[in-house]
Amino acid sequence: MYKREREELINKLREKGIYDPLVLKAISEVERHKFVPEPMKHHAYKDIALPIGSGQTISQPYTVAFMTQALKLKPDSKVLEVGTGSGYQAAILVRMGMRVYSIERQFDIYSRAQKLLEKLGIRVHVKYGDGTIGWEEFAPFDGIIVTAGSPDVPKSLKKQLSIGGKLVIPVGDRSSQKLVIVTKIDENNFEQESIPEFSFVPLIGREGWKEEYL
Ligand code: SAM
């Protein structure tokens with residue numbers, strides 16, 4: 001289903017600089033139309049973010065591809081995603097052979113994604129809670145991907161990275177963010193680069209935006 005639309009999307013991602021064959025293969029295989037609401041299905045392979053209800057979105061395919069590529073993960077790596085949303089990003093990581101842990105702070109969204117992933121037979125450990133403090137029980141992670149915009153890089157997430165691991169997170173104000181890529185060199189040393197210009201829904205939590213200020 002949607003074969004031609006998917007091929008066109010992959011060509012577009014290549015043109016925009018996505019080169020990692022594992023990422024491109026996963027995006028060509030995971031059925032994005034199953035992760036968007038019924039009335040949006042015919043837009044599923046356009047390179048745009050789409051509403052998934054409760055004021056949240058499934059990220060633009062280019063953003064998913066760019067962030068996933070930036071993680072530079074090998075198959076079988078352990079990855080934490082903060083912001084499960086539709087479950088699509090988690091499904092991409094699973095298709096690439098990763099062990100995926102994902103946290104969502106909105107109960108209705110968490111519950112829908114958890115049921116959908118189970119129905120599709122995609123194995124993700126999904127938790128309802130505040131992902132800004134990570135998931136201590138399963139740390140350290142080889143990669144951490146945050147799919148909502150934060151005012152800063154949460155300390156807990158840096159702490160829960162493995163040595164050599166990367167954290168990819170949008171950091172900025174409410175309307176626009178830079179994508180920050182943090183690499184853990186050793187317990188106390190991190191390298192950081194940032195890439196403009198992205199726009200995400202806010203990361204709300206103890207080490208993110210405070211809900212009352214939004
Ligand atoms: N990765 C998702 C996908 O593939 O559909 C897109 C996620 S959407 C852009 C961002 C999500 O982050 C929203 O569902 C939002 O509720 C969630 N979120 C915001 N703050 C959070 C937090 N502190 N912990 C966990 N999830 C959070």
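Every value quoted in this text rests on a predicted model; they were computed, and no experiment measured them. In each ligand, atom 1 is the first atom listed, and ligand 1 is the first ligand listed. Values below: all heavy atoms of this structure, side chains included; hydrogens, waters and symmetry mates excluded.
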Decide, yes or no, whether a salt bridge links E8 with K12 under the criterion of side-chain N to carboxylate O below 4.0 Å. no

Under 3.5 Å: N or O atoms of ligand 1 paired with protein N or O:
unit_1, atom_1, unit_2, atom_2, d
ligand 1, 1 (N), E81, OE2, 2.8
ligand 1, 1 (N), G83, O, 2.9
ligand 1, 1 (N), T147, OG1, 3.3
ligand 1, 4 (O), Q89, N, 2.9
ligand 1, 5 (O), S86, N, 3.0
ligand 1, 5 (O), S86, OG, 2.6
ligand 1, 14 (O), E104, OE1, 2.7
ligand 1, 14 (O), E104, OE2, 3.3
ligand 1, 16 (O), E104, OE2, 2.6
ligand 1, 20 (N), I204, N, 3.0
ligand 1, 23 (N), D130, OD1, 3.0
ligand 1, 23 (N), I204, O, 2.6
ligand 1, 24 (N), G131, N, 2.8
ligand 1, 26 (N), R105, N, 3.3

Using residues 118-137 as the side-chain source, report each donor-acceptor pair under 3.5 Å to any protein atom, sequence neighbours left out, with the distance given to one decimal.
unit_1, atom_1, unit_2, atom_2, d
D130, OD1, T132, N, 2.9
D130, OD1, T132, OG1, 2.8
D130, OD2, T132, OG1, 3.1
D130, OD2, R206, N, 2.7
T132, OG1, R206, N, 3.3
T132, OG1, E207, N, 3.0

Checking T84 now: which residues fulfil side-chain hydrogen bond (donor to acceptor under 3.5 Å, both in side chains) with it, not counting sequence neighbours? S102

With a sphere of 6.0 Å drawn around NZ of K16, does it hold more than 12 non-hydrogen atoms of other residues, nucleotides or ligands? yes

Candidates D142, I144, V100 - the one meeting side chain to side chain contact (heavy atoms under 4.5 Å, CB included) with K78: D142

For E38, give me all partners under side-chain hydrogen bond (donor to acceptor under 3.5 Å, both in side chains), at least two apart in sequence or on another chain. none

